[in-house]
There are 2 protein chains.
Amino acid sequence: MIDMSRVTCYIVPMSLRHGLLDLLAGEPQSGYDLARFFEASMGNVWPAQHSQIYPELGKLVAEGLITQVDEGPRGRKLYQTTPEGIDALRTWLRESPPDYSVRYEALLRIFTLWVLPTDEALAYLERDRAEYRRHLAQIETAIGEVEWSKNPINRGARLTIEFGRRFYATLIEWIDWAAEQVRSGTLEPGGPLPTI
Amino acid sequence: MIDMSRVTCYIVPMSLRHGLLDLLAGEPQSGYDLARFFEASMGNVWPAQHSQIYPELGKLVAEGLITQVDEGPRGRKLYQTTPEGIDALRTWLRESPPDYSVRYEALLRIFTLWVLPTDEALAYLERDRAEYRRHLAQIETAIGEVEWSKNPINRGARLTIEFGRRFYATLIEWIDWAAEQVRSGTLEPGGPLPTI
DNA sequence: CCTTGACATGTCGAGACTGACAGGACAAAT
DNA sequence: ATTTGTCCTGTCAGTCTCGACATGTCAAGG
């Protein structure tokens, strides 16, 4: 007899695989394309290295969720999502609960900023700010360059990209505020409470 | 001879350990406290389960970065960060490059929203919106309840919490915009391009 | 008395993820 | 001719992370 009281696990992370299924639902792409595209768009909410992408593509082919539609120069393999793959995406959205948790190391570090002297903390925030400006610029470039109107897939992606834009704009506004607080001595002993 | 051309790795993730070092730098806390606190504050940028926290506390004690300062009822163990632990935090901030990547599964899903019919996509966004409102409310409660003025540690945490507040406010504004786009047929074949 | 539920600490196996390693194809420049 | 650089696919060891499992304490209420 199987002890059914023990069988309580239904968790299905596998975010990467669903990201890939989405990206391969439009134009066929290679693992190399995907790795680069991840950097620029989906990578803003779910980063992935090629070392993780290639094995996953293999599994997806084995399960019939994508197929290799062509082979280009230098062994370049082009994949595309099958109808079964699209079904898998639909099931994923419908059946599994979203994971609303956020992981952001760069912000975790701000918690610890009090261990640095004020001037060093300010320099730290300045470096972060520059990074955020880069991200914002990159997203705005993407918004300007890609043909979003093409199909529902691209227009759907445009929705998320728009969040990216607002996200980095908010980050920059926030970090300016934070720098102002630090400048006024918040991180020093007996310093003032941050004010909104 | 060691082939130095191969020694190129310096990566130090270990975010959790530094999160714990920060949290234990003020009032002594137990693993149980930390697990609960993670949910409410640091967990907004770096979630952690107790099953990961307890072993990490053991390692930190072994390395002398925290010490057990007291034992309460029910075997409750109270830890506090040592001066060496604070040094480790400072070194972390100074020597290791921040990881600016964001992981957010709930937003990854929005990429794929086009596989659902418009009405179902709208219901999906509505559920997300409710979730974001919950998070925002929780953060605003935390802002109102905690004594942020106490010390630099708490005031530093207040900086990050403030970002959480703005983050969820931005999410809600964005999702209202996204729902409006979906309502106007963006995810249907031949639908309009999202407009800002 | 005994059940229920919150408090509290811990382990474990499996899967996710990373950086490093490895190697081949093709184009352009030297 | 050969070097350099980008393109392109892949593997692997080690770490991180999670859900499930396991165990025990204490207080309150029935």
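Letters go in sequence order (proteins before strands), and every chain restarts at 1. Treat the numbers as computed from the prediction; the structure is a model and nothing was measured.
Between A:W46 atom CH2 and D:dT17 atom C1' the separation is 11 Å, expressed in whole Å. B:L16 places its CG atom 16 Å from the C1' atom of C:dC17, with the value rounded to the nearest Å. Counting to the nearest Å, the C1' atom of D:dT15 and the CD atom of A:E105 are 15 Å from each other. When rounded to the nearest whole Å, the span between CD of A:E71 and C1' of D:dC7 equals 14 Å. Look at CG on B:L20: it is 13 Å from P on C:dT9, rounded to the nearest Å. Atom pair B:D99:CG and D:dT15:C1' shows a separation of 15 Å (rounding to whole Å applied). Atom CG in B:L108 sits roughly 14 Å away from atom C1' in C:dA16 (whole-Å rounding). A straight line from CE of B:M14 to C1' of D:dT15 spans 11 Å, rounded to a whole angstrom.
Look at A:R17 and A:E63 and you find a salt bridge, because one of the NZ, NE, NH1 or NH2 atoms lies within 4.0 Å of a carboxylate O, short of that distance. Ion pairing between a basic and an acidic side chain is recognised when a charged N comes within 4.0 Å of a carboxylate O; B:R158 and B:E162 show such pairing. Ion pair B:E126/B:R129 not flagged as a salt bridge, since none of the NZ, NE, NH1 or NH2 atoms sits closer than 4.0 Å to an Asp/Glu carboxylate oxygen.
Listed in residue order, the members of residues 47-63 of chain A having a heavy atom less than 4.0 Å from DNA chain D are A:H50, A:S51, A:Y54. DNA chain D lies under 4.0 Å from at least one heavy atom of each of the following residues of residues 25-38 of chain A: A:S30, A:G31, A:Y32.
The side chain to side chain contact (heavy atoms under 4.5 Å, CB included) check on B:S96 picks up A:R109, B:W92, with sequence neighbours excluded. Remark: A:Y32 pairs with no residue by the ring-ring contact (aromatic ring centres under 6.0 Å, His included) rule, at least two apart or across chains. For A:Q68, the side chain to side chain contact (heavy atoms under 4.5 Å, CB included) partners at least two apart in sequence or on another chain are A:E71, A:K77, A:Y79.
For the residue pair A:T67/A:T82, the side-chain donor-acceptor check at 3.5 Å is not satisfied. For the residue pair B:Y104/A:D99, the side-chain donor-acceptor check at 3.5 Å is not satisfied.
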Report task. Verify salt bridge (charged side-chain N to carboxylate O under 4.0 Å, His left out) between B:D87 and B:R90, making sure each step is shown before the conclusion. Result -> CA-CA 5 Å; B:D87 283 344; B:R90 206 170 281 122; 3.2 Å; yes

Requested in this report: Evaluate salt bridge (charged side-chain N to carboxylate O under 4.0 Å, His left out) for A:R76 paired with A:D70, printing each intermediate quantity in order.
Outcome: CA-CA 8 Å; A:R76 176 182 163 86; A:D70 198 6; over 6 Å; no

Between protein and nucleotides 26-28 of chain D, what N or O pairs are separated by less than 3.5 Å?
none

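Atom CG of A:D22 sits about 3.5 Å away from atom OG1 of B:T112, to the nearest 0.5 Å.
Taking the nucleotide of DNA chain C with the nearest heavy atom to each of B:R76 and B:S101, the more 5' of the two is matched to B:R76.
Among the heavy atoms of the strands, none lies under 4.0 Å from A:R17.
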